[in-house]
J.: 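Quick one: structure below, then a few questions.
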Amino acid sequence: MTGTDSKIKSGRIIVVVLAIAVVMAAFAVFISMNAARINDQNAQYLQGSTQQSARRISEWMTDSQTEVKLLSAMYERGLTSADEASIEGIKVLAETTKFDYVTFSAMDGLTVDDRGQAGDASDREYYVRGIEGDSGVCATDDSLFYGDLSVIFYTPLRYDGEVIGVIAGAYREDSMEDFLATYFFGEQTSTYLCTRDGTVVAHSSSMVYANEVDNAQDLYFENGSSSDITRADLEEAFHNGSSVTFDYKGDAGSGMAYVMQLPDYDWMLMRTFPSSITDAMTARANLAGMVFVALVALALAGVAAYFLVQSIRQRSKLLSESEHVTGIVNSSLALFQRFAVIDLVHNTYEYLKDDGIKDDLPRHGEYNMFRYYWQTRFSDEEEADRMKAMLTPEYIQEHLTADVPYLHLEYRLTDPETGDVSWNQASMIPLVRDNNGVVQSVLMSVQDVTDVKEREIANHNALEDAFREAERASKAKSDFLNSMSHDIRTPMNSIMGLTAIATMYLDDPERVKDCLTKITTSSRHLLGLINEVLDMAKIESGNLGLSEEDFDLPETVESLLSIMTPQINDKKLELKVEIADIEHEHVVGDPMRLQQVFVNIMGNSVKFTPEGGTVSLRIKELPSRIKGSGCYEFTFSDTGCGMSEDFVKKVFEPFTRANDSRVTKVEGTGLGMSIVRSVVNLMNGTIDVQSKLGEGTTFTVTVYMKLREGDSHDLSTFEGLRVLVADDEEASCESACELLHSVGMEADYVLSGEEAVEAVRRAVEEARDYVAIILDWKMPGKSGIEAAREIREIVTEDLPIIILSAYDWTAVEQEARSVGVDAFISKPLFRSRLIHVMKGLLEEESGEPVSEYEVLQQSDFSGHRVLLTEDNSIAAAIALDILGMTGLEVDHAENGRRAVEMLLDAEPGHYDLVFMDIQMPVMNGYQAASAIRASAEGKGLDGIVIDPRTDLGEIPIVALTADAFADDVARARAAGMNAHMSKPMEIELLVKTLNEWL
């Protein structure tokens with residue numbers, strides 16, 4: 001037995017020795033791998049830190065260069081002469097800079113700094129390059145005034161384009177040391193700013209060995225353990241501006257260094273990572289490994305002993321419970337990806353479960369390395385900065401107080417291989433607290449909550465969208481009213497201006513009449529805008545309505561030009577208007593909405609076109625694809641500031657304005673173009689925009705409008721008559737000649753006033769006289785009026801001379817008449833206008849009444865009696881006067897009930913027509929109309945039965961009201977009314993209505 005025991009004992013000793021050898025070998029491998037890992041990790045950390053500093057230094061140098069240029073530019077603007085330049089003038093501006101000192105060098109090299117020191121800088125690099133007109137940065141180790149190392153940013157000072165000196169801003173050695181100071185894990189290291197040959201320009205501090213090095217390449221340590229480059233490789237890297245890592249050695253220590261070129265500059269940045277830091281980190285990791293091995297060994301020994309003692313008694317129980325316990329543990333662990341124990345006191349971590357972690361992070365180690373590893377994987381810098389602060393031991397201990405059972409941290413991680421972003425939730429549970437309740441260690445569990453977080457974000461975004469939509473809806477009315485400010489001011493400006501002009505020319509009836517006509521036009525447009533504001537709810541909901549009425553395109557275009565001309569003249573813009581191939585001028589549609597489109601687009605052209613620019617309108621009739629309708633193309637162009645490509649894509653979105661300093665002072669909320677698109681869509685049309693920044697914008701509007709029969713004219717008298725057209729724009733001449741040819745006339749054109757005079761003289765000599773001369777008002781050289789004066793000396797008094805202009809000719813009408821001008825025609829030249837003017841001049845045709853008063857005077861409705869229902873006394877007085885001028889007998893009822901009573905009391909046929917207001921007290925217009933119609937069936941007021949009044953079932957009832965929208969018209973007809981007229985009363989429509997129903 002002794003021999004057997006001896007063998008067993010020897011075998012156990014061998015096993016123990018082998019186990020110890022294996023453990024020692026494994027530990028040696030661990031130490032070696034740990035050292036290599038830490039060294040590689042620190043190399044990456046050094047490279048990342050240096051790259052960040054390089055970007056920061058490059059930005060600092062760019063900012064400093066910009067600052068000295070700005071200093072020069074600001075001072076240069078205040079100079080009145082080259083001799084005025086001095087350091088005194090720069091001092092105040094220099095106080096706002098960050099430079100340690102600022103200098104001014106005159107042309108002779110005399111240099112003075114902002115502290116009053118003077119010296120000769122004629123041999124200095126910054127002076128020589130600055131005098132040559134260059135700007136840049138240079139370094140010196142012997143500054144002019146302080147004899148130390150300085151980094152100098154310089155730029156030339158100019159007056160009238162000539163260099164008169166050099167302004168420089170400098171940072172001294174102390175400033176550069178503070179700026180470049182760097183710490184790794186609490187220990188200061190060195191940073192060098194070098195030229196491409198390695199010469200040190202600036203360094204981090206006077207500590208360690210920084211100020212002992214003149215050339216960074218001298219730190220190269222050829223026998224370093226990790227160097228894989230030669231000294232020649234290092235010099236070539238400096239020369240080529242390449243990035244490289246190498247081992248260094250100096251008087252105060254050694255380690256690794258990393259050098260790279262500054263972005264956008266020829267200088268190099270070198271930073272060192274002392275081996276003392278690496279050695280300390282390695283030692284701590286090795287010690288932690290040793291302690292861990294020892295603890296594991298002791299723990300294993302204790303556990304082995306414990307289980308050896310307890311194995312007999314508990315073996316059966318453990319076997320029966322093992323499967324159940326294992327299932328519970330595995331189920332709990334499956335909820336989490338990772339478990340880690342973090343010792344906040346000893347700065348260590350250990351993973352108990354590490355799913356999803358690559359081999360580049362050990363299962364245990366220093367907590368600093370743990371934090372650094374995860375900081376590189378957060379989704380962005382903001383996330384990294386937040387988590388960097390929250391993972392510190394100080395933050396955990398501060399927030400995980402005695403009454404806080406756990407901490408929740410949410411963050412996003414980016415997979416470095418796939419780029420996928422995932423949401424994670426980390427929970428920190430206290431494991432150990434000291435006597436004061438301060439956490440000493442925690443258990444951190446990490447769970448992937450990407451699905452839950454994405455649903456949460458989606459719900460949050462949906463709530464935000466709903467909130468924004470609700471907020472937008474609540475502000476829609478006020479935003480719309482604000483946006484209408486410009487549109488309302490446009491015709492109001494015309495009204496006020498024309499009123500002032502009429503006041504100044506009270507003794508000139510023709511001028512006053514012209515102003516009143518244009519005021520009426522602008523007032524109608526303003527009324528249309530007010531109607532649109534009052535119908536805001538329909539506009540917001542997209543339920544805009546279009547009326548259908550007969551109108552003439554020439555009148556709509558002239559109305560537009562009369563509204564816009566004052567603004568165009570105020571900005572000294574050139575207006576060009578051209579028409580092409582207009583066959584149908586008489587159409588059916590909504591002229592107010594069409595004019596609203598035109599005013600919005602042309603108003604923007606005027607607003608955003610600088611003084612002296614050009615605003616153009618081209619009108620063309622295109623082949624129509626809709627039977628019975630005409631297709632019209634309106635092209636608005638300007639030479640304004642234009643729009644970016646991105647803004648063009650959203651120009652029609654509500655409340656959209658360009659973010660451009662050139663237009664931020666222009667009033668408006670950006671709703672106008674959205675309304676324009678809605679109106680154009682309702683007209684079965686399209687709107688297209690092309691724009692380029694700085695060059696201008698072109699809007700092309702295409703709409704369809706129903707055609708109606710125009711006035712027929714006998715044009716036989718025009719056949720073969722010769723007309724001369726003079727305009728400096730050939731396109732305008734050709735367009736006018738085409739119109740003249742279409743009415744049977746023969747037309748010639750010339751491009752100047754001089755040529756017009758010569759053409760007339762030649763025609764007289766050849767006995768081929770013209771029957772009319774059409775002259776553009778504004779032509780270069782000889783204007784239309786000057787040409788008319790000379791032509792009138794050549795031809796007889798009965799030859800008509802017509803002035804053609806896109807401008808308001810009233811300012812020169814008197815002068816034009818005095819030199820023999822017979823008539824005026826507005827651009828663009830429409831066929832109907834041309835025929836009307838030509839007939840008036842060549843056939844002595846009396847024109848139609850041109851004033852509303854004449855329209856009333858020529859309307860005779862004597863023998864008819866009407867009932868006017870109106871509750872407003874002023875409105876009633878105005879209506880009574882107007883109706884009385886037509887010869888009508890008018891009775892007045894102050895409300896709807898009174899009107900019904902008067903009709904019932906009167907004999908049948910006493911009244912021929914009823915004008916009915918809508919909004920009235922006692923009984924409104926709708927109720928009154930229904931009551932009138934009901935009386936034809938024997939129903940009286942208040943339900944009283946009366947004898948049927950069949951005459952009241954047929955009497956015409958015309959609504960005369962401020963309720964002017966399409967729904968109001970439909971409601972009036974539903975109540976039994978025959979027609980609808982909106983306030984204010986339009987004379988032509990009134991006469992037309994009376995003619996129709998009387």
J.: Where do P800 and V771 come nearest, in terms of heavy atoms and distance?
T.: CD-O, 3.0 Å

J.: Between the side chains of D550 and K992, is the shortest nitrogen-to-carboxylate-oxygen separation below 4.0 Å, so that they form an ion pair?
T.: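 No.
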
J.: Can you see which heavy atom on A502 is nearest to which on V512, and at what distance?
T.: O-CG2, 3.8 Å

J.: Give me the atom names and distance for the closest heavy-atom approach of K571 to V606.
T.: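 Of all heavy-atom pairs spanning K571 and V606, the closest is NZ-O, 2.8 Å.
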
J.: Set out, in order, the CA-CA distance, both residues' side-chain angles and the distance that settles side chain to side chain contact (heavy atoms under 4.5 Å, CB included) for I601 and V676, then state yes or no.
T.: CA-CA 8 Å; I601 297 176; V676 165; 4.2 Å; yes

J.: State, to 0.1 Å, how close A747 and C737 come at their nearest heavy-atom pair, and which atoms those are.
T.: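 For A747 and C737, the tightest heavy-atom pair comes out as CB-SG, 3.8 Å.
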
J.: How long is the gap from CG on L707 to CD1 on I626, to the nearest 0.5 Å?
T.: 10.5 Å

J.: Checking the side chain of D728 only, and the main-chain atoms of M779 only, is there a donor and an acceptor separated by less than 3.5 Å?
T.: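 No.
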
J.: Please tabulate, one pair per line, all N/O donor-acceptor pairs under 3.5 Å involving side-chain atoms of residues 750-759, not counting sequence neighbours.
T.:
| unit_1 | atom_1 | unit_2 | atom_2 | d |
| --- | --- | --- | --- | --- |
| S752 | OG | E755 | N | 3.2 |
| E754 | OE2 | K782 | N | 3.3 |
| E755 | OE1 | L751 | N | 3.2 |
| E758 | OE1 | R761 | NH1 | 3.4 |

J.: Does anything in residues 628-637 pair up under side chain to side chain donor-acceptor pair (under 3.5 Å), and if so which pairs, sequence neighbours excluded?
T.: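 Listed once each, the pairs are S637-T698.
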
J.: So which atom in M643 and which in V651 form the shortest heavy-atom distance, rounded to 0.1 Å?
T.: SD-CG2, 3.8 Å

J.: Name the one of N600, D638, T697 that satisfies side chain to side chain donor-acceptor pair (under 3.5 Å) with S605?
T.: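 Result for side chain to side chain donor-acceptor pair (under 3.5 Å) with S605: D638.
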
J.: How close do G589 and F551 get, heavy atom to heavy atom, and via which atoms?
T.: N-CE2, 3.6 Å

J.: Would you check, one step at a time, whether the test side chain to side chain contact (heavy atoms under 4.5 Å, CB included) holds for V701 with T686?
T.: CA-CA 6 Å; V701 177; T686 61; over 6 Å; no

J.: Apply side chain to side chain contact (heavy atoms under 4.5 Å, CB included) to residues Y749 and E734 and explain how you reach the verdict.
T.: CA-CA 8 Å; Y749 73 83; E734 293 175 348; 3.8 Å; yes

J.: Going through the checks in order, is the side chain to side chain contact (heavy atoms under 4.5 Å, CB included) test met by L799 and D769?
T.: CA-CA 9 Å; L799 174 65; D769 294 344; over 6 Å; no

J.: Verify whether the ring centers belonging to F636 and F598 lie closer than 6.0 Å.
T.: yes

J.: Can any side-chain N or O of E578 pair as donor or acceptor with the backbone N or O of R618 at less than 3.5 Å?
T.: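 Flag not set: sc E578 to bb R618 has no pair under 3.5 Å.
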
